[in-house]
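Presented below is the structure to which this report refers.
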Amino acid sequence: MEGKEEDVRVGANKFPERQPIGTSAQTDKDYKEPPPAPFFEPGELSSWSFYRAGIAEFIATFLFLYITVLTVMGVKRAPNMCASVGIQGIAWAFGGMIFALVYCTAGISGGHINPAVTFGLFLARKLSLTRAVFYIVMQCLGAICGAGVVKGFQPNPYQTLGGGANTVAHGYTKGSGLGAEIIGTFVLVYTVFSATDAKRSARDSHVPILAPLPIGFAVFLVHLATIPITGTGINPARSLGAAIIYNKDHAWDDHWIFWVGPFIGAALAALYHQLVIRAIPFKSRS
Amino acid sequence: MAKDVEGPEGFQTRDYEDPPPTPFFDADELTKWSLYRAVIAEFVATLLFLYITVLTVIGYKIQSDTKAGGVDCGGVGILGIAWAFGGMIFILVYCTAGISGGHINPAVTFGLFLARKVSLIRAVLYMVAQCLGAICGVGFVKAFQSSYYDRYGGGANSLADGYNTGTGLAAEIIGTFVLVYTVFSATDPKRNARDSHVPVLAPLPIGFAVFMVHLATIPITGTGINPARSFGAAVIYNKSKPWDDHWIFWVGPFIGAAIAAFYHQFVLRASGSKSLGSFRSAANV
């Protein structure tokens, strides 16, 4: 898979790397690493595709919060857990919805639906600062509207049953909550990087059909693991939307965890993928 | 398949080529960053695997413990635990397939080593990285909730009441056979050719194999089929019961992997026979 120029030398490098197991036979690179995105790109402000992408992120995050928070409320309102879709059903709602929405918006905005993903991709120079800020604002607004619609359906139960807001559960420290958010977001953003890797696309013969599936699965799996700890944020827009509409002290007390944790996790994933897995800064040939 | 039929000139028309056996010792690969990157990738992947899966196990036990604030049907259920294991293997194999081959399991590494697809050096380094990653992953789980962790069994594998040692061993052997056999099928170059060289779906059947084996054998052993997973939990939990049964979770998976390697290489692909020239005259080799 990798020619000599692809590998970073540790010592002598006389022979090309043997083909990794499970990869299709490819003797030359048929992909090109896209150049780093400029920090500021004024030209995109005059392009409809920029605003279309922002609108797509808004709608996607709106639908995401609507489906997921409504599922959470359904579980909370049920007479007992056995009569509802349960915690696993909640995890499926989050993961399945990300799968569907990433699939729908991947070609329009890149299908982030998550400020942490946007931040990670920004650190990896895959989008401009202008676009990153615009996406994050639109994601937060979409999240607020999505949670708002859920409250509109059932104002009183929404307030009495926790509003789907993220907080650190009893029995856990804030440090544990922060750690869980960091590692959970690392799993998600690392999967996003792997799924969108230019090299991977070439290896899959440029068939991007299933890139959203592992991303959705990553969200599902992290929810299975960390719902008992924090209700699982790993998406600052999701946490913000529920916190704003629910608007109680204990939700705001813990809210910083759901921005600091995901952003640290995204940064670590960006570092790991760019520096260790792809070794992009160390490539001898660009 | 028509693809395997010799052309009119007597030449093979296959559009795939079996890679040559990997040498046992390949000192040259020690000089490449890609080896160390692969080892790092195996470490991180196994760390994340154990972190998510053991956290799911402990979380389920907390939420379903009706004597301590849990509720009936609380938590993600045993089904959710199986999904955690299978789903996590799916996404981690997906992420690391091109980096390290996406083993995340010493039994898979062992099976591929027996099939001459990885060198001894690489196999040993992968296994060490996997075990260390497993210990770190479970270490994170304990760090986040040490009292819950100890109270609810630490996610460690041990034989359940009502099953004897032989049963547990057999369950591990057959379970690992299912997994490693699926890995061999998913990575078979002949299959790649048949699927038009689009390997994007290879991780999915591997993840599903793990998921389904967990559905079947969680009641027996909590399902090891991954010595690193069993080892990581045993080290961090560190009680005598898991250690007493621990040998099952190395012997069983390694036997299962060996049987799968033999079955795929010598029965399904008959590559051993081909290399001996049993079925073809020398002129066609």
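Within every chain, numbering begins at 1; the chains are lettered A, B, ... in the order of the sequence lines, protein sequences first and strands thereafter. Keep in mind it's a predicted model, so treat the numbers as computed, not measured.
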Under 4.5 Å heavy-atom distance to chain A, tell me which part of B:Leu47 shows up: side chain, backbone, both or neither.
-> neither
Between A:Gly179, A:Gly177, A:Gly86, which shows the greatest number of heavy-atom pairs under 4.5 Å with chain B?
-> A:Gly179
With a 4.5 angstrom heavy-atom cut-off, could you sort out which part of A:Ala180 is near chain B: side chain, backbone, both or neither?
-> both
Are more than 12 heavy atoms from other residues, nucleotides or ligands located less than 6.0 Å from atom CZ of B:Phe140?
-> no
Heavy-atom proximity to chain B below 4.5 Å, by part of A:Ile90 | neither
Check whether any side-chain heavy atom of A:Ile227 sits under 4.5 Å from a side-chain heavy atom of B:Val76, and report yes or no.
-> no
Any idea how A:Phe217 and B:Trp83 line up, ring-wise: parallel (<30°), tilted (30 to 60°), or perpendicular (>60°)?
-> tilted
Per-residue contact mode, A:His223 against chain B (heavy atom under 4.5 angstrom) | neither
Between B:Leu48 and chain A, which part of the residue has a heavy atom less than 4.5 Å away: side chain, backbone, both or neither?
-> side chain
Could you state the interatomic distance from OG1 (A:Thr191) to CG (B:Leu92), rounded to the nearest 0.5 Å?
-> 7.0 Å
Do the side chain of B:Arg37 and the main chain of A:Val276 share a donor and acceptor less than 3.5 angstrom apart?
-> no
Tell me, for B:Ala143 versus chain A, whether the close heavy atoms (under 4.5 Å) come from the side chain, the backbone, both or neither.
-> backbone
Distance (rounded to the nearest 0.5 Å) between B:Asp72 CG and A:Met81 CE = 10.0 Å
Validation row: A:Leu213, B:Tyr94 side chains within 4.5 angstrom (heavy atoms) = no
Structural part of B:Ile62 lying under 4.5 Å from a heavy atom of chain A = side chain
Toward chain B, the part of A:Phe186 with a non-hydrogen atom under 4.5 Å = side chain
State the OG1-CD1 distance between A:Thr226 and B:Ile52, to the nearest 0.5 angstrom.
-> 6.5 Å
